Visitor: 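Got a structure for you, questions after.
The structure displayed is predicted, hence computed values, not measured ones.
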Amino acid sequence: MTSLANLKINPQRLWDALMDTAKIGGTAKGGIRRLTLSDEDKRVRDWFKAECEKLGCTVTVDEVGNMFARRPGKDNARLPICMGSHLDTQPTGGKFDGVLGVLGGLEVLRTLHETGYETTSPIELVNWTNEEGSRFAPAMLASGVFAGVFTTDYAYTREDRDGKAYKDELERIGYRGEEKAGGHTLGAMFELHIEQGPILEDESRMIGVVTGVQGMRWYEVTVTGQDAHTGATPMHLRKNALLGAARMIEAVHQIAIDHAPLAVGTVGLIENRPNSRNVVPGEVFFTVDFRHPDEAVLDTMESAFRAALPKVMEPLKLTFEEKRIWMSPAVKFHPDLIDCVRNGADKAGFAHRDMVSGAGHDAAYIARVAPTTMIFVPCLGGISHNEAESTTFDECAAGAQVLLEAVLEYDKRTAG
Ligand code: HGY
Ligand code: MN
Ligand code: MN
């Protein structure tokens, strides 16, 4: 029986899996477009299921599409130790965001399988549905249902910007499973992910020991003015919704600057209607993303945002509707799992540092229902949510090796 001491993942096999699956939804600029519940998402799900079943895992799917590949342990009455992340991407996503966590976990399963290493607890590898929240807002939707943050019906009725409903798309690709979301208890979850920021690269460290995730809030605003002729309508008689939106984009930016250095604020999605060269825009829809590690600061940012709206809109004779559609509070991860990650990084010989995640992750919600933590590896220039996202062969291998070490260390410690 192989001992814990010398298990090593296969870096080339991991890299090949990353590059091969990157072709599913691959873009001309070297990224991936694999929106949740799209045909591309179905293809990568089918591939994932087949690869896990080749290892003797049983793959189950819950009612919101979360996929669980289970490898039995010596004592299957114990709760599973999980690895998980997501296979869906941004419209112009990179090859590694989410994918590294799932395929790094697959590499761990492949290593256990080929060495015949037997864990005490069963191991589960999870593909969480709709982590990105790009097609169906909010983000981390299906891990949120699993954790009891959202109802299944709330998820089912989420619509994309074309009016397609989550439930219909889930059924269309054949991934609306039988299992009740949250219907089985996890013993722990480790999520391997790229940092999506510049800190590890800047400090030349290979591993981020992630202690938590910052707070995040999403808002939707619709500004209403009046469509009018650009040639015949004097400036003082216009109700230009795009002008109001433009001033709010500046206001959102300034609110983040006013709460520096940790606050961030972004208007990322905007729809200008009717979006015609010679029509004064009568309606604009836009989204706001505020983040900060401290909920009290997010409260003041939210108040400043809501105070700015009428100040901007009223002088321009515009009306508006605003609603907060998502609020994911700051999260702290589990100290025992954090320690296993630190231990794993030391054992594997990688420099590491503690850090809080700026990006949201499924782990932020799973931490509500099971001991959870994350492992970060660098990405070039900290660039992510970008087709140029780049993590090296060695960085991917390091992350998967530390994931293996951390999972096995936790298995050993909990086996007593
Ligand atoms: O929004 C996020 O932080 C994540 O990438 N879904
Ligand atoms: Mn991600
Ligand atoms: Mn992402």
Side-chain angles (χ1 to χ4, degrees), residues 25 32-45 61-67 86-93 97-98 127-182 216-224 241-242 245 248 252 266-275 281-290 309 319-328 359-362 364-365 385:
I32 303 179
R33 177 186 178 84
R34 201 158 62 208
L35 297 179
T36 299
L37 307 184
S38 62
D39 292 341
E40 294 75 20
D41 188 14
K42 172 178 174 48
R43 282 174 51 208
V44 78
R45 285 167 170 263
V61 183
D62 74 13
E63 61 189 344
V64 286
N66 296 317
M67 301 175 75
H86 61 94
L87 291 171
D88 67 313
T89 74
Q90 287 287 331
T92 51
D97 173 1
N127 170 31
W128 298 107
T129 306
N130 196 56
E131 188 282 337
E132 289 296 355
S134 174
R135 182 180 181 195
F136 299 101
M140 300 130 64
L141 181 58
S143 54
V145 174
F146 185 91
V149 176
F150 308 114
T151 64
T152 298
D153 192 51
Y154 172 81
Y156 280 176
T157 52
R158 293 313 89 210
E159 290 185 357
D160 64 14
R161 299 306 294 166
D162 297 325
K164 287 188 181 159
Y166 183 102
K167 181 183 174 189
D168 298 339
E169 288 294 281
L170 189 64
E171 285 174 341
R172 184 182 69 82
I173 68 165
Y175 275 92
R176 181 182 172 200
E178 296 302 314
E179 187 178 297
K180 177 115 188 68
M216 298 169 274
R217 297 185 190 183
W218 282 6
Y219 306 80
E220 289 182 348
V221 182
T222 301
V223 182
T224 305
L242 190 53
M248 280 311 300
V252 164
T266 317
V267 172
L269 187 160
I270 185 163
E271 291 169 354
N272 178 50
R273 302 182 187 112
N275 217 30
E283 184 179 88
V284 173
F285 170 86
F286 66 87
T287 63
V288 176
D289 175 325
F290 280 135
L309 278 163
T319 59
F320 67 91
E321 282 172 29
E322 173 274 324
K323 66 180 173 189
R324 188 177 69 211
I325 66 149
W326 184 44
M327 183 171 170
S328 175
H361 302 283
D362 295 308
Y365 278 152
H385 283 193

Visitor: Taking Ser143 for the side chain and Trp128 for the main chain, is one N or O donor matched with an acceptor at less than 3.5 Å?
Guide: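 A pair under 3.5 Å: no.
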
Visitor: Give a yes or no on whether a salt bridge exists between Glu40 and Lys42, defined as a side-chain N under 4.0 angstrom from a carboxylate O.
Guide: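 No, this pair does not count.
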
Visitor: Got a sec, which residues hit side chain to side chain donor-acceptor pair (under 3.5 Å) with Asp168, two or more places apart in sequence or on another chain?
Guide: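 Partners of Asp168 under the side chain to side chain donor-acceptor pair (under 3.5 Å) test: none.
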
Visitor: Taking the cut-offs as 6.0 angstrom to the six-membered ring centre and 45 degrees off its axis, would you call Arg158 and Tyr154 a cation-pi pair?
Guide: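 Yes, a cation-pi geometry.
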
Visitor: Would you give the length of the straight line joining atom OG1 of Thr287 to atom CD1 of Ile325, rounded to the nearest 0.5 angstrom?
Guide: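 Going from the OG1 atom of Thr287 to the CD1 atom of Ile325 covers 8.0 Å.
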
Visitor: What's the verdict on ring pair (Phe, Tyr, Trp, His ring centres under 6.0 Å) for Trp218 and Phe290, showing C-alpha distance, side-chain angles and the deciding distance?
Guide: CA-CA 7 Å; Trp218 282 6; Phe290 280 135; over 10 Å; no

Visitor: Would you give the length of the straight line joining atom NE2 of His385 to atom CD of Glu132, rounded to the nearest 0.5 angstrom?
Guide: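 Reported to 0.5 Å precision, the distance equals 4.0 Å.
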
Visitor: Could you list the residues that satisfy side chain to side chain contact (heavy atoms under 4.5 Å, CB included) with Glu179, not counting sequence neighbours?
Guide: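 In terms of side chain to side chain contact (heavy atoms under 4.5 Å, CB included), with neighbours along the sequence ignored, Glu179 is linked to Thr60, Asp62, Phe68, His184.
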
Visitor: Honestly, is Arg176 close enough over Tyr166, meaning NZ or CZ under 6.0 Å from the six-membered ring centre and within 45° of the axis?
Guide: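 Geometry flag: not set, cation outside 6.0 Å or 45°.
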
Visitor: Taking only residues two or more places apart in sequence, or in another chain, which ones meet Lys180 in a side chain to side chain donor-acceptor pair (under 3.5 Å)?
Guide: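 By the side chain to side chain donor-acceptor pair (under 3.5 Å) rule, Lys180 matches Glu63.
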
Visitor: Does the pair Leu141 and Phe150 meet the rule for a side-chain contact (heavy atoms from CB on, under 4.5 Å), with working shown?
Guide: CA-CA 7 Å; Leu141 181 58; Phe150 308 114; 3.8 Å; yes

Visitor: Listed by chain and number, what are the side chain to side chain contact (heavy atoms under 4.5 Å, CB included) partners of Ala364, not counting sequence neighbours?
Guide: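 Testing Ala364 for side chain to side chain contact (heavy atoms under 4.5 Å, CB included), a comparison that skips the adjacent residues, returns Met140, Val213, Val331.
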
Visitor: Is there a donor-acceptor pair under 3.5 Å between the side chain of Arg34 and the backbone N or O of Arg43?
Guide: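 Flag not set: sc Arg34 to bb Arg43 has no pair under 3.5 Å.
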
Visitor: Return the CG to OG1 distance between Asp41 and Thr36, rounded to the nearest 0.5 Å.
Guide: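 If we round to the nearest 0.5 Å, Asp41:CG and Thr36:OG1 are 6.0 Å apart.
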
Visitor: Restricting to side chain to side chain donor-acceptor pair (under 3.5 Å), what partner residues turn up for Ser328, sequence neighbours left out?
Guide: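 By the side chain to side chain donor-acceptor pair (under 3.5 Å) rule, Ser328 matches no residue at all.
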
Visitor: Tell me every residue that passes side chain to side chain donor-acceptor pair (under 3.5 Å) with Asn127, counting only those two or more places apart in sequence or in another chain.
Guide: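 Not a single residue meets the side chain to side chain donor-acceptor pair (under 3.5 Å) criterion with Asn127.
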
Visitor: Could you go step by step and tell me if Phe286 and Tyr219 meet the ring pair (Phe, Tyr, Trp, His ring centres under 6.0 Å) rule?
Guide: CA-CA 8 Å; Phe286 66 87; Tyr219 306 80; over 10 Å; no

